[in-house]
Visitor: 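Take this structure first; my questions come after.
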Amino acid sequence: MPRRLGPGFISTLLDLLNSEPDAPADNPVTPRPAWWKEAVFYQIYPRSFGKNGTSCVLRGILSKLDYLRDLGVDAVWLSPVYDSPNDDNGYDIRDYYKILPEFGAMEDMDALIAGLHERGMKLVMDLVVNHTSDEHPWFKAALRDEKSPYRDFYFFRKSGGRPPNNWTSFFSGPAWNYYPKQDVWALHLFSKKQMDLNWECPALREEIYKMVRWWLAKGVDGFRLDVINYISKTPGLKNGDPFIGSLLTYTGIEHYFYGPKLHEYLKELRAKAFDPYNAFSVGETPGIGVRTGRLLTDDYRHELDLIFIFDHLVSPGHTRFDNHRYSKSYLKRFYQTHLNADLGHGWNTLFFNNHDNPRMASKIDPEGKYTAPLTKLLAVLQLTLRGTPFLYQGDEAAVCNVKFASIDEITDVESRGLYAELIKTMPPDKAFKQILAGTRDHARAPIDWEEHERQRNTEDSVWRFYRDLIILRRSSRALIYGELEFQRPHDKKILCYTRCLGNECFYIEANLSHDKGRCKAKPDMVLLFGNYGKTASKVLRPYEARVYKIAISN
Ligand code: NOJ
C-alpha cells in the first residue's frame, strides 16, 4: 500500500472534520449518580472461563458467582453466548434468540440471570449488531433470493470480477466476499463469515430493537455494543483513501468509523430499546477520540452510557502487532488528557485487558520481573481514577501472556489470517514474532482456577489486593464521584493525583517505571494501601503505587 499523500487525502480529511456540527458541552457539572458509575464490572469470556466441573459453561459461570461476589464484582459482562458457527468465537451470531449448545440451553441462561440477581449483581450481554454470521437465516435468505425482504439487511453489490471498492477487512484481505453462484459480492469488515448489516434499512433496525427488548424483558440489565461506531457507513461506499489506509492499517475506515448517521442510530436504539427498560449501554468504539467520545456519552445527548476507547493499549505510532516496548509515560499522558476532558456530563471506563488484547502487564514488563507489584499498580489505577472499572477475567490473579511455541498453537481467526498474509513477504519466524506481539489468544487461555483460588486464600496476593481496593472504593464516595486533580503533571514517571469530595480526600502516587522515584506524600497523610506493603519510605520502588488518605481539618 502506498505511503504517499494522494489527491483524495485532503478532501477526505476536510469531509471528516466538517462532518460533525456539534461540540461537547464545555461547562463543568456535578455528575449524576448512577449504579453503573459505582459498580465494578467483570468481563467473562465464556470459552476460557470453563465448565468448572458442571454440565455446561453457563452452569460453570453460575458455580463461580460466589467467587465473583467475594471479589466485589457488581456486574458481569458476558462475551457472546448466542448460537454461532464460531468463526470468531461467537462474534458471528447465527441466532440471537438461542444459546450456543456447547455453552448450555436457555434454561441455563435463565438460571444464570437469576443467580446474579439473587446476589445483587447485574448482567450485561454482548450485542453484536454491526454484523451477523453468514449462517444467519437473514443472510442465507438474502443471498438465495435477490427479492428477499432480507436482501436490504446487508450490503450486496454486483460489480463483475472485482470487489465493489478497495476496503480491507480487519482480518486481512479485501472486505468483500464473492459468491460465484449468485455472482454477487457482500461486505464483511471482519471475517468472511461476519456479514455487515445495513443500518440504513428501517426493517433491520426494528428487528434489532425487538431482539434487544426481548433480552431486556428476560431480565438482562444492559449490553456491551460490539464495534458500535461502525454501524453507519457513508452512502455510496466510496473507495477509501490509500494514504489514510496505510496510516490506519485498514483502507476505507474513514467511511464508517464515525459515519454520518451514527448519532441518529444510537439515539433511536436507545429510545426504542434501552430506555423502556432503563437499560445500561457500553459501546466498543475503536478509533473514537476524546471529543467525539464525549458526543457519544454525554448524558444530555441520550446515546450511550459509556464507551471503551483503546488508545492506551498500545504506544502512539504503533499497532497491536508491532513488537514494541510499551511507553509508560504515554499511559500518564493518556489519562491526563482523557480524564481531564471529563467535565461531568459523561463518564469513563477504566480497563487494561479484554479478550482482544495481549495482557497489559506483559506489554509493560515482558520479562515478568515485576508482575506482582505491576498488576497491583494497575489495580490501584483502575479503582482510584475517575470512571467505571472493567476487570477482565484473570486480572485478579495477575495472569500474563501465554508462551506460545509455534503458530500451530494459535487459533484466533484474526491472527491466522494475518500470519497467512505476512508469510507472503517475510520468513515464518519473523511473522510468528509479530503474531506473538499482538495475538488475542494471549487473553483467551483457559482460566487456571487452582491458581485463582490459591490467591483468593492467600494474604498479600494480587487477588486480595483487588478485593480490598474494591472494598475501599465501595466505602468512599470520593473515590467514585470525587474531583480528580492530577499532581506532578510534568513528571514523566510518576502518575499522581488526588480524589476529593466534601471533606474526604485521597492522594495517589504510582511509579510507572522500573526505576526508583521520589515520593512526595506529606507527613500528615495516612498510607492506606501500597503494593509493597504499608511502610512508606521517601523512595518509590519499581512500579510502587500508594493510596493515602489526606487529613482535612475543618
Ligand atoms: C470486537 C470484538 O471484541 C472482537 O472480539 C470481534 O472479533 C470483533 N469486534 C468483531 O465482532
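For ligands, and for the atoms within them, numbers begin at 1 and follow the listed sequence. Along the sequence shown, residues are numbered consecutively beginning with 1.
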Visitor: Using the ring centroid of each side chain, check whether F390 and F308 are separated by less than 6.0 Å.
Guide: yes

Visitor: Applying salt bridge (Lys or Arg N to Asp or Glu O under 4.0 Å), run through R440 and D412 and close with a yes or a no.
Guide: CA-CA 7 Å; R440 309 190 295 184; D412 178 35; 2.8 Å; yes

Visitor: Between the protein and ligand 1, which nitrogen or oxygen pairs come in under 3.5 Å, and how far apart is each?
Guide:
from: ligand 1; atom 1: 3 (O); to: R224; atom 2: NH2; distance (Å): 3.0
from: ligand 1; atom 1: 3 (O); to: H355; atom 2: NE2; distance (Å): 2.8
from: ligand 1; atom 1: 3 (O); to: D356; atom 2: OD2; distance (Å): 2.4
from: ligand 1; atom 1: 5 (O); to: H355; atom 2: NE2; distance (Å): 3.0
from: ligand 1; atom 1: 5 (O); to: D356; atom 2: OD1; distance (Å): 2.7
from: ligand 1; atom 1: 5 (O); to: D356; atom 2: OD2; distance (Å): 3.4
from: ligand 1; atom 1: 5 (O); to: R440; atom 2: NH1; distance (Å): 3.3
from: ligand 1; atom 1: 7 (O); to: D88; atom 2: OD1; distance (Å): 3.4
from: ligand 1; atom 1: 7 (O); to: D88; atom 2: OD2; distance (Å): 2.4
from: ligand 1; atom 1: 7 (O); to: R440; atom 2: NH1; distance (Å): 2.9
from: ligand 1; atom 1: 9 (N); to: D226; atom 2: OD1; distance (Å): 2.9
from: ligand 1; atom 1: 9 (N); to: D226; atom 2: OD2; distance (Å): 3.1
from: ligand 1; atom 1: 11 (O); to: H131; atom 2: NE2; distance (Å): 2.9
from: ligand 1; atom 1: 11 (O); to: D226; atom 2: OD2; distance (Å): 2.7

Visitor: Sort out for me which residue in D196, T132, N198 forms a side-chain hydrogen bond (donor to acceptor under 3.5 Å, both in side chains) with Y154.
Guide: T132

Visitor: In a check of side-chain hydrogen bond (donor to acceptor under 3.5 Å, both in side chains) between Q194 and each of N177, D92, N130, D88, which one passes?
Guide: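 So the option named by the test is D88.
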
Visitor: Test D299 against R301 for salt bridge (Lys or Arg N to Asp or Glu O under 4.0 Å), laying out the working first.
Guide: CA-CA 5 Å; D299 53 9; R301 294 178 53 86; over 6 Å; no

Visitor: Does F274 have its ring centroid less than 6.0 Å away from the ring centroid of Y209?
Guide: no

